[in-house]
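Okay, so here's the structure we're looking at.
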Amino acid sequence: TAREILGDIERLDIRLAELNGMVRGRLRVAVVSTAKYDIPRRLGEFCRVHPGIDVALTVGNREELLTRFAANEDDLYVLGTPPQEADAEHHVYAENPIVVIAPPGHPLAGRGPLSPAVLAEEPFLMREKGSGTRIATERFFAEQGLAPPVRMELGANEAIKQAVMAGLGLSVLSRGSARLELDNGHLTELAVEGFPLLRHWHVAWPRGKRLSVGARAFLDVLFDGRAPKPAA
């Protein structure tokens, strides 16, 4: 309740500034670590259009974001899977394909489409438990009655990419998070039946929350000027 009252005061201050012709404010965005490859580019566009709005970007795993969501610490939250655990309003704003990556010289590179059973014989590098990417990966293999061996658990996409390039195993990541390495030939995307897993990026906020000026303006950027109207 205290956070909501302080938020009302901040929004009143911003509204008074708008009435005086000064567009200013603050935007707080929290994103899952995989989204850090996409959201900064969109924030760059946002800051060029709204230079008077201060931006704070927090990056964390899904569990950390849900904790922040429950405490209403940010204006908007970007996740691969909408927060079912909380009363949230959420909207899809982009696709987020999940792919299998391997080092370029891997025996399976260039073959395919590979069956999930063949893939499940290879050692895998996984994100930590609770990661949206890991949840999607384990769900896919479980539906096939498979459970690939996990050689190593790593808490960051950058560490996973480096470990895959070192030949420690295969992994499943968002194509966007590995685009640079894939384009430069440091990693290769395997052709696997059932992949890419088509997921989506969701932007969310607590249901009934009155969005700040900055949050509404950033939604316009995410949705190319067609931002959804918050529920009453």
key: Within one Ile-Leu-Val-Met-Phe-Trp-Tyr cluster: I160 and V59, side-chain cutoff 4.5 Å   = no
note = Between L125 and A163 the two heavy atoms that sit nearest each other are CD1-CB, 3.4 Å
inquiry  = Any side-chain to backbone donor/acceptor pair from D74 onto V29? Under 3.5 Å, distance only.
reply    = no
ask   = Under 4.5 Å between any side-chain heavy atoms of L187 and L173, yes or no?
value = no
task = Would you check if the side chain of R62 reaches a backbone N or O of T81 as a donor-acceptor pair within less than 3.5 Å?
result = yes
inquiry  = With heavy-atom distances below 4.5 Å as the criterion, would you say the side chains of Y93 and V78 are in contact?
reply    = yes
Set of side chain to side chain contact (heavy atoms under 4.5 Å, CB included) partners for A204, sequence neighbours left out = F69, L79, P83, H90
task = Go through the steps to decide whether F140 and V172 satisfy the test side chain to side chain contact (heavy atoms under 4.5 Å, CB included), and finish with yes or no.
result = CA-CA 11 Å; F140 170 80; V172 177; over 6 Å; no
Under 3.5 Å, which donor-acceptor pairs do the side chains of residues 152-159 form with other protein atoms, sequence neighbours left out?
unit_1	atom_1	unit_2	atom_2	d
E153	OE1	R134	NH1	2.7
N157	OD1	R127	NH1	3.0
N157	ND2	T34	OG1	3.3
E158	OE2	Y37	OH	2.4
E158	OE2	K161	NZ	3.0

task = For the residue pair F218 and L43, establish whether any side-chain heavy-atom pair is separated by less than 4.5 Å.
result = yes
query = Got I98 and P196 here, is their nearest side-chain heavy-atom distance under 4.5 Å?
reply = no
query = Can you tell me how far CD of E64 sits from OG1 of T67, rounded to the nearest 0.5 angstrom?
reply = 7.5 Å
query = Same cluster for V221 and W205 if Ile/Leu/Val/Met/Phe/Trp/Tyr side chains link at under 4.5 Å?
reply = yes
key: Nearest-0.5 Å distance that lies between atom CG in L65 and atom CD in E73   = 10.0 Å
inquiry  = Using only atom types and a distance under 3.5 Å, with no angle test, would you say the side chain of N184 pairs donor to acceptor with the backbone of H186?
reply    = no
message = Test side chain to side chain contact (heavy atoms under 4.5 Å, CB included) on W201 and V32; report intermediate values, then the result.
response = CA-CA 10 Å; W201 287 122; V32 290; 3.7 Å; yes
request  = Provide the full list of salt bridge (Lys or Arg N to Asp or Glu O under 4.0 Å) pairs with a residue in residues 165-178, sequence neighbours left out, each pair given once.
outcome  = R175-E189
request  = Decide whether L66 and I135 are clustered together by the hydrophobic rule: side chain heavy atoms of Ile, Leu, Val, Met, Phe, Trp, Tyr closer than 4.5 Å, transitively.
outcome  = no
inquiry  = Quick check on the hydrophobic clustering: are L190 and L168 connected, directly or via other members, by side-chain heavy-atom contacts under 4.5 Å?
reply    = no
ask   = So do Y77 and T58 actually touch side chain to side chain, heavy atoms under 4.5 Å?
value = no
key: Taking every non-hydrogen atom, the tightest pair across P149 and A120   = CD-O, 3.1 Å
Any L119 side-chain heavy atom under 4.5 Å of V100 side chain = yes
message = I'd like to check V203 versus F223 (side-chain heavy atoms, cut-off strictly below 4.5 Å). Are they in contact?
response = yes
task = Could you tell me the separation between the CG atom of L6 and the OG1 atom of T1, rounded to the nearest 0.5 Å?
result = 11.0 Å
task = Would you sort out whether F46 and I53 count as a side chain to side chain contact (heavy atoms under 4.5 Å, CB included), showing the intermediate values?
result = CA-CA 9 Å; F46 170 82; I53 296 180; 3.9 Å; yes
task = To the nearest 0.5 angstrom, please state how far the CG atom of D54 sits from the CZ atom of R26.
result = 7.0 Å
remark   = Looking only at heavy atoms, the pair that brings N72 and P206 closest together is OD1-CG, 3.8 Å
Joint cluster assignment, V164 & F141, ILVMFWY side-chain distance < 4.5 Å = no
query = With E122, which residues qualify under salt bridge (Lys or Arg N to Asp or Glu O under 4.0 Å), at least two apart?
reply = none
ask   = Taking only residues two or more places apart in sequence or in another chain, which ones pass side chain to side chain contact (heavy atoms under 4.5 Å, CB included) with Q162?
value = M165
task = Sequence neighbours left out, what pairs pass salt bridge (Lys or Arg N to Asp or Glu O under 4.0 Å) with at least one residue falling in residues 41-50?
result = D38-R41, D38-R42
ask   = So which heavy atom on R151 is nearest to which on G167, and how close?
value = NH1-O, 4.3 Å
task = Could you go through the side chain to side chain contact (heavy atoms under 4.5 Å, CB included) check for H106 and L170 one step at a time?
result = CA-CA 9 Å; H106 194 278; L170 307 180; 3.7 Å; yes
key: Validation row: L108, V192 side chains within 4.5 angstrom (heavy atoms)   = no
inquiry  = I'd like to know if the side chain of S174 reaches the main chain of N96, judged simply by a donor and an acceptor atom lying under 3.5 Å from each other, with no hydrogens or angles considered.
reply    = no
Shortest non-hydrogen contact from P103 toward A109 = O-CB, 4.4 Å
query = So H202 and H200, would you call those rings parallel, tilted or perpendicular, with 30° and 60° as cut-offs?
reply = perpendicular
task = Provide the closest heavy-atom pair for E128 versus N61 in the form atom of the first, atom of the second, distance.
result = OE2-CB, 3.2 Å
